[in-house]
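Taking it in order: structure first as structure tokens, then the write-up.
Whatever order the structure lists ligands and atoms in, that order sets their numbers, starting from 1. Values below: all heavy atoms of this structure, side chains included; hydrogens, waters and symmetry mates excluded.
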Amino acid sequence: MKGKDLLSIADLAPDDVKRIIDSAVEMKRQGTSSVLAGKTLALLFEKPSLRTRVSFDVAMHQLGGHSLYLSPAEVGLGSRESISDVARTLSRYVNIIAARTFDHVTVQSLAEYATVPVINALSDKEHPCQALGDLLTIHEKKTVLEGLTIAFIGDGNNVASSLLLASALVGVNFKVASPRGYAVPVEVVALGRSLARGGAQITLVEQPQEAAEGADVIYTDVWASMGHEAEAEKRRAAFVGYQVDAALLSQAAADALLMHPLPAHHGEEIATGLIDSSQSAVFDQAENRLHVQKAILAELLG
Ligand code: CP
Ligand code: NVA
């Protein structure tokens, strides 16, 4: 995939996903190398971040390269300067751009004008790096992917969409339980079904228990994503009954993993204390963002 962009999981073929996961396993074993010596990554962020920013920065460092963080205030993407001019200018200085944007169209237009690869570091529609890191975590813990079932409980958001698509590509069944009005967009479900391999099923239900029954992974994320803060109160009301708690977790397989991309709102989408359960893979998940992003950077920079 040298020179290509990673804006959506749909930019990847099943073999790309498998290769990135295998490479991440190797990167994790190896620790540091010099494969990206002399290369620079620009981190262009419109929204806050802990994991994505730090893991990309550390990833470049561990691969012998360099990264620089550009805050919204500094760049003024689309206000101080047009998206196309920012993309064309940055391309003259850096070898790759990771952008976190409110609107997915912004990361798409950065990619359109940049002459270097652009990685979607989260937009309102997708979070592909998260989904790839999550598959790495599941693969590590379960040793296989194909035939497993992920139950996603909550908002059909960017994280749910990318994980649905990534699951479809590697033969993982994806069941998602969301309240009415908060389901994964129909076009994402249709795309996932068209990409599905290995008989992977995508199932949309309303009741969390129905999704959780016998699942290998129970996954949740915040009810109000970045950019939706003003809807937090309304969403708290809409998502009553959708909290992942010990009772819901007990409906899944006995050895099911509990996953959350973080940041978490303890006592909302996830019961207080559940993150410390023996089934929680949450901090391994956070760590694996580093390893998978090293694999993504090496893949796109060749
Ligand atoms: N999971 C994740 O992307 O976290 P940050 O928003 O902190 O980067
Ligand atoms: N869905 C969340 C994920 C954060 C990593 C958000 O977009 O805010």
Identify, with sequence neighbours excluded, every residue that meets side-chain contact (heavy atoms from CB on, under 4.5 Å) alongside Ser71.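 Scan of Ser71 (side-chain contact (heavy atoms from CB on, under 4.5 Å), adjacent residues dropped) gives Tyr69, Ala73, Glu74.
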Which protein residues have a heavy atom closer than 4.0 Å to any atom of ligand 2, listed by chain and number?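 For ligand 2, the contacting residues are Leu122, Asn157, Asn158, Val159, Asp221, Val222, Ser225, Met226, Leu262.
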For a quick test of reading the model, state the closest non-hydrogen atom pair linking [X] to [Y] and the distance between them.
| X | Y | value |
| --- | --- | --- |
| Gln285 | Thr137 | CA-OG1, 3.5 Å |
| Ala99 | Leu110 | CB-CD1, 3.6 Å |
| Leu274 | Val244 | CD2-O, 3.5 Å |

Is there a donor-acceptor contact under 3.5 Å linking the side chains of [X] and [Y]?
| X | Y | value |
| --- | --- | --- |
| Asp124 | Asn158 | no |
| Arg88 | Thr115 | no |
| Glu126 | Ser8 | yes |

Would you mind checking if Asp284 and Lys141 are paired as a salt bridge, meaning a charged N to carboxylate O distance below 4.0 Å?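 Asp284 and Lys141: salt-bridged.
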Mind checking what residues have non-hydrogen atoms under 4.0 angstrom from ligand 1?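 Within 4.0 Å of ligand 1, the protein residues are Ser49, Leu50, Arg51, Thr52, Arg100, His127, Gln130, Pro261, Leu262, Arg289.
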Output side-chain donor-acceptor pairs under 3.5 Å for residues 202-214, partner residues at least two apart or in another chain, one line each.
residue : atom : partner : partner atom : Å
Glu206  : OE2  : Arg180  : NE           : 3.0
Glu206  : OE2  : Arg180  : NH2          : 2.7

